[in-house]
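Just so we're on the same page: letters track the sequence lines, and every chain starts at 1.
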2 protein chains.
Amino acid sequence: MSIGEVSELTGLSAHTLRFYEQEGLFVEAVRRNSAGRRLFTEQEVGWLRVCAKLRSSGMSLPDIRRYAELAREGQGTEAERFEILRRHEAKVTRQMADLQEALDVIKGKVALYAEHLAAGSADSLWRDGPTCPSTVPAGRQD
Amino acid sequence: MSIGEVSELTGLSAHTLRFYEQEGLFVEAVRRNSAGRRLFTEQEVGWLRVCAKLRSSGMSLPDIRRYAELAREGQGTEAERFEILRRHEAKVTRQMADLQEALDVIKGKVALYAEHLAAGSADSLWRDGPTCPSTVPAGRQD
DNA sequence: CTACGAGTTAGAGCCGACTCGAGGTCAAAC
DNA sequence: GTTTGACCTCGAGTCGGCTCTAACTCGTAG
């Protein structure tokens with residue numbers, strides 16, 4: 001497969017694929033054809049898809065590289081690879097919890113605004129005009 | 001409250017607080033004492049905590065600034081503030097889904113390794129020595 | 001034959017959000 | 001009266017991960 005095809009299949013730009021090769025993210029050296037163009041295997045596409053997930057969940061390139069290095073070395077490195085994965089799993093789980101916390105705050109504010117806006121539009125049914133300055137309650141609304 | 005106290009309370013560094021002021025993230029101009037030092041109110045601490053959540057969930061500084069500007073303008077801007085919040089809520093929800101997808105992939109691999117390692121250690125009970133080269137099965141394990 | 005499209009390299013540039021450093025002011029403690 | 005520590009401003013530096021550019025090489029189609 002050419003770099004363009006792999007780019008299509010993985011959603012990673014050709015630039016990024018070359019960059020990843022340079023960064024040592026591939027498990028095996030990328031093969032080339034007679035003209036020096038990269039040739040990718042299905043297996044590499046699979047690996048790149050995994051890489052994409054690791055990246056999108058915040059694993060750093062050095063960590064992915066380390067993992068790839070271990071996979072390259074093969075047998076005997078499983079324990080460390082496992083460790084890397086478990087650490088990342090924990091990290092992502094934390095991330096999700098943080099995000100959920102933020103989401104709760106945001107939802108709280110959204111609900112507040114929804115209420116406020118509903119009340120506002122109810123108001124404008126009673127009074128006349130949108131610029132009517134109503135009594136502003138104690139706390140500023142931000 | 002001094003910048004140091006607010007830093008404590010919000011978890012944002014003093015550098016970051018000054019930076020945020022400069023970036024126009026505060027709803028009102030930050031007050032100063034006679035010596036030119038910043039004085040913060042409880043309200044501002046509350047807002048900064050919200051900012052921290054917005055940031056940690058990936059809202060950009062320009063978006064937070066916009067929101068703060070609208071809050072500063074006060075009445076009549078609620079609808080747009082609401083919109084900003086709803087858009088961000090949707091974004092965070094998407095983020096969580098993506099993260100969950102990545103987490104599923106990672107968990108799948110973790111499970112695979114757990115299995116593999118359990119089998120490996122079972123092997124080493126039967127054979128003698130850790131470097132014994134067993135028959136490598138078809139697919140490379142990465 | 002030449003134009004096109006898809007690839008190649010090395011290296012520079014970009015972006016957001018901090019983060020840090022230098023050099024200075026001020027108030028209170030010793 | 002000087003030392004400490006917390007603060008100030010301004011501007012530069014950092015970081016990761018791309019992203020883009022320029023100049024070049026191929027192989028094929030018209």
For this session: Identify the heavy atoms of Ala14(B) and Ile3(B) that sit nearest to each other, and give their distance.
Result: O-CD1, 3.6 Å
For this session: Determine, step by step, whether Tyr67(A) and Trp47(A) satisfy the ring-ring contact (aromatic ring centres under 6.0 Å, His included) criterion, reporting the C-alpha distance in whole Å, the side-chain angles of both residues, the deciding distance to 0.1 Å, and the verdict.
Result: CA-CA 11 Å; Tyr67(A) 184 85; Trp47(A) 167 238; 5.8 Å; yes
Exercise. Has Gln100(B) got more than 12 heavy atoms of other residues, nucleotides or ligands less than 6.0 Å from its CD?
Worked result: yes
Problem set entry | Nucleotide dT19(C), atom P - distance to CG of Leu17(B) in whole Å | 12 Å
Exercise. Rounded to whole angstroms, how far apart are CD on Gln22(A) and C1' on dC20(D)?
Worked result: 14 Å
For this session: Would you give the length of the straight line joining atom OG of Ser7(B) to atom CE of Met1(B), rounded to the nearest 0.5 angstrom?
Result: 12.5 Å
Problem set entry | DNA chain D contacts made by residues 32-42 of chain A, counting heavy atoms under 4.0 Å | Ala35(A), Arg37(A)
With the criterion being N/O to N/O and under 3.5 Å, what pairs connect the protein with nucleotides 11-17 of chain D, and how long is each?
residue, atom, partner, partner atom, Å
dG17(D), OP1, Arg55(A), NH1, 3.2
dG17(D), OP2, Leu61(A), N, 3.4

For this session: Rounded to the nearest angstrom, tell me the gap between atom CZ in Arg18(B) and atom P in dT9(D).
Result: 7 Å
For this session: Provide, to the nearest angstrom, the distance between the CE atom belonging to Met1(A) and the C1' atom belonging to dA6(C).
Result: 17 Å
Problem set entry | Distance in angstrom units between Glu23(B) CD and dC15(C) C1', rounded | 13 Å
For this session: Evaluate whether atom CD of Glu73(B) has more than 12 neighbouring non-hydrogen atoms of other residues, nucleotides or ligands under 6.0 angstrom away.
Result: yes
Exercise. Would Leu61(A) and Tyr20(A) count as a side-chain contact (heavy atoms from CB on, under 4.5 Å) if you check the C-alpha gap in whole Å, the side-chain angles of each, and the deciding distance to 0.1 Å?
Worked result: CA-CA 8 Å; Leu61(A) 295 188; Tyr20(A) 279 5; 4.0 Å; yes
Problem set entry | Arg55(A) with Glu23(A): basic N within carboxylate O range, under 4.0 Å | no
Problem set entry | Integer-rounded Å distance: dG5(D) C1' and Ile3(B) CD1 | 15 Å
Problem set entry | Exceeds 12 heavy-atom contacts within 6.0 angstrom, atom CZ of Arg86(A) | no
